[in-house]
Amino acid sequence: MKTWLPMTRREFLYNSGVLTAALSARTIQAEHGIATVRPLDGTTLAKFVDALPIPEVLRGHGLRPSPKDPAVKIPYYRLQMKQAEAKLHRDLKPTRIWGFNSTIPGPTIEARSGKPIFVEWVNDLPTTHLFRIDHNLEGAEKDKPDVRTVVHLHGGRVSSDSDGYPESWFVPGKSNVCFYPNTQDAATLWYHDHAMGINRLNVYAGLFGLFVIRDQFEDGLNLPTAEFEIPLVLCDRLLDQEGQFVYPVSPDPIHPWVPEVFGDVVLVNGKISPHCEVKPRPYRFRILNGANGRFFHLAFAHQIEFWQIGSDQGLLSAPVRLKMLTLAPGERADLIVDFSKSRGESLVLKSDHLDVMQFRVSGTVSAAVPAIPKSLRELARMQESEAVKTRELLIEETVDAADNPTIMLLDRKRWMDPVTENPFLGSTEIWSIVNGTEDSHPIHLHMVRFQVLDRQNFYVMNYLRKRELKFTGPPVAPDRNEMGWKDTVRAEPGMVTRIMVRFDGYAGRYVWHCHILEHEDNEMMRPFDVIPRS
Ligand code: C2O
Ligand code: CU
Ligand code: CU
């Protein structure tokens, strides 16, 4: 049994109360110049008073000719990024947000495996940003427009020109059409802003939503569907007394960037700690951690067991029984929760000290439902011998005299340094992510799916000085719910996390990065090139 929970060091301090008051009060003062706006203590808001909303499923805008064969017509969707107001809680005034079609989260896009679609992403935002921009960050210099966006489909196997490259941003009044082939297994993907240097601010404002791919195999499993399949998009936020989002800034007015942000309210599908009426039967929940920096540790207050059936890139080989689910920023989990033994009860889903939401189980007896299948999708474990190359990639954090992080680097390189990760199309590689920091970093690669091989403790000082790996313990197998296809993996502190990646799909330029958005915006992101075979 593990005794510690993966999270960042500052999140730990925050959760244990050391940082709470200090960080939020000070930074909010700095944000507003004078201390006129007081932070709202999110824990004082009434819990479970709003009903859980379900994001709307996006409707198409007709058909367009396929890029490959104009005789074939493909569904066309359009989403507008807009500034709007959202009612996050019964007792709060409406909150200014940026949302796709004016909602947080945006509408859900439903796709079928093998059936391509177009999405036109329209930037209809104002030209002034909701939050303070740090012009010292790469790509967010003073000569760049404050408001710019580009949308990435996280988990999508997409050609590079539709992938949402961070520098391919566009300004208000412009739009961009992406082609999503959906030639991949059923999975819960999500779309979100990815604009260079301000990604953390755009996502915090509300620019994200779900993109679900389904397939025939999954249909055949008889999993709970329709009203019994519920998406739960999680994120945390800080608010002021007026109910507006607060994005904290550092005490240094010239460098407003902060290393991490933790809110004291949890939003589920855009409502603060809502409730959901359920029947005493199994439900399927597709959960996304859409937070900037918070790791969720989801568990029911009554320690009820549940089953995980899928991870980032789709179904596991068999359901995994859990009492607690750790979900790092960017990760997804597909769960089955059976409420049939909780008739008439109210169950609270928590994450550490936070109340995430409440389920109110009705007292009615419901008709018999199919049992959870014993096995799901067949899944071959990749063999190390398949790898043609191993890359050792260091995660490093630079701190100032006061131990505050100033920059986060991948392999001691900045965004602008020449591309060093250049796998051949179709080749398989092992990436050994050597985490020399004291924090857990969720590492994400675009375009591909991968398997987690293992994690192993190493002698950090020795590596930082001599770049020589000395292990201090045996390799540890991934958790059972990490044995499926992933696109985001927790690189744990002081450990080498090895993943095995086949670069199937498309040649071209992509990115890999830490999904703590504050890190990503401050150099913890690197381009990689998939090289075509000649
Ligand atoms: Cu969730 Cu590079 O993205
Ligand atoms: Cu991605
Ligand atoms: Cu990180």
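Starting from 1, each residue takes its place in the sequence as its number. We count ligands from 1, going down the list as the structure has it; atoms in each ligand are counted the same way.
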Quiz item: Is it true that atom NZ of Lys115 has more than 12 heavy atoms of other residues, nucleotides or ligands lying nearer than 6.0 Å?
Solution: no
Quiz item: Do Phe118 and Phe179 have ring centroids that are under 6.0 Å from one another?
Solution: yes
Quiz item: What protein N/O/S atoms lie closer than 2.8 Å to atom 2 (Cu) of ligand 1?
Solution: His194 NE2, His446 NE2, His513 NE2
Quiz prompt | Charged tip of Arg237 within 45° of Tyr204 ring normal and under 6.0 Å | solution = yes
Quiz prompt | From Arg157, His446, His515, Gln313, residue fulfilling side chain to side chain donor-acceptor pair (under 3.5 Å) relative to Asp487 | solution = Gln313
Quiz item: Under a 4.0 Å N-O cut-off, is there an ion pair linking Glu518 with Arg200?
Solution: no
Exercise. Please confirm whether Phe450 and Trp431 have ring centers closer than 6.0 angstrom.
Key: no
Quiz item: Measuring to the Cu ion (ligand 2), does His152 have an N/O/S atom at a distance below 2.8 Å?
Solution: yes
Practice problem: Taking all non-hydrogen atoms of both residues into account, name the closest pair between Leu201 and Arg132 and its distance. | Solution: CD1-O, 3.5 Å
Practice problem: Considering just N/O/S atoms, say which atom of His444 is closest to the Cu ion (ligand 2). | Solution: NE2
Exercise. Tell me which N, O or S atom of His192 sits nearest to atom 1 (Cu) of ligand 1.
Key: NE2
Exercise. Please name the residue in the list His194, His519, His444 that meets the side chain to side chain donor-acceptor pair (under 3.5 Å) test with His513.
Key: His194
Practice problem: Give a yes or no on whether His154 keeps an N, O or S atom under 2.8 Å from the Cu ion (ligand 2). | Solution: no
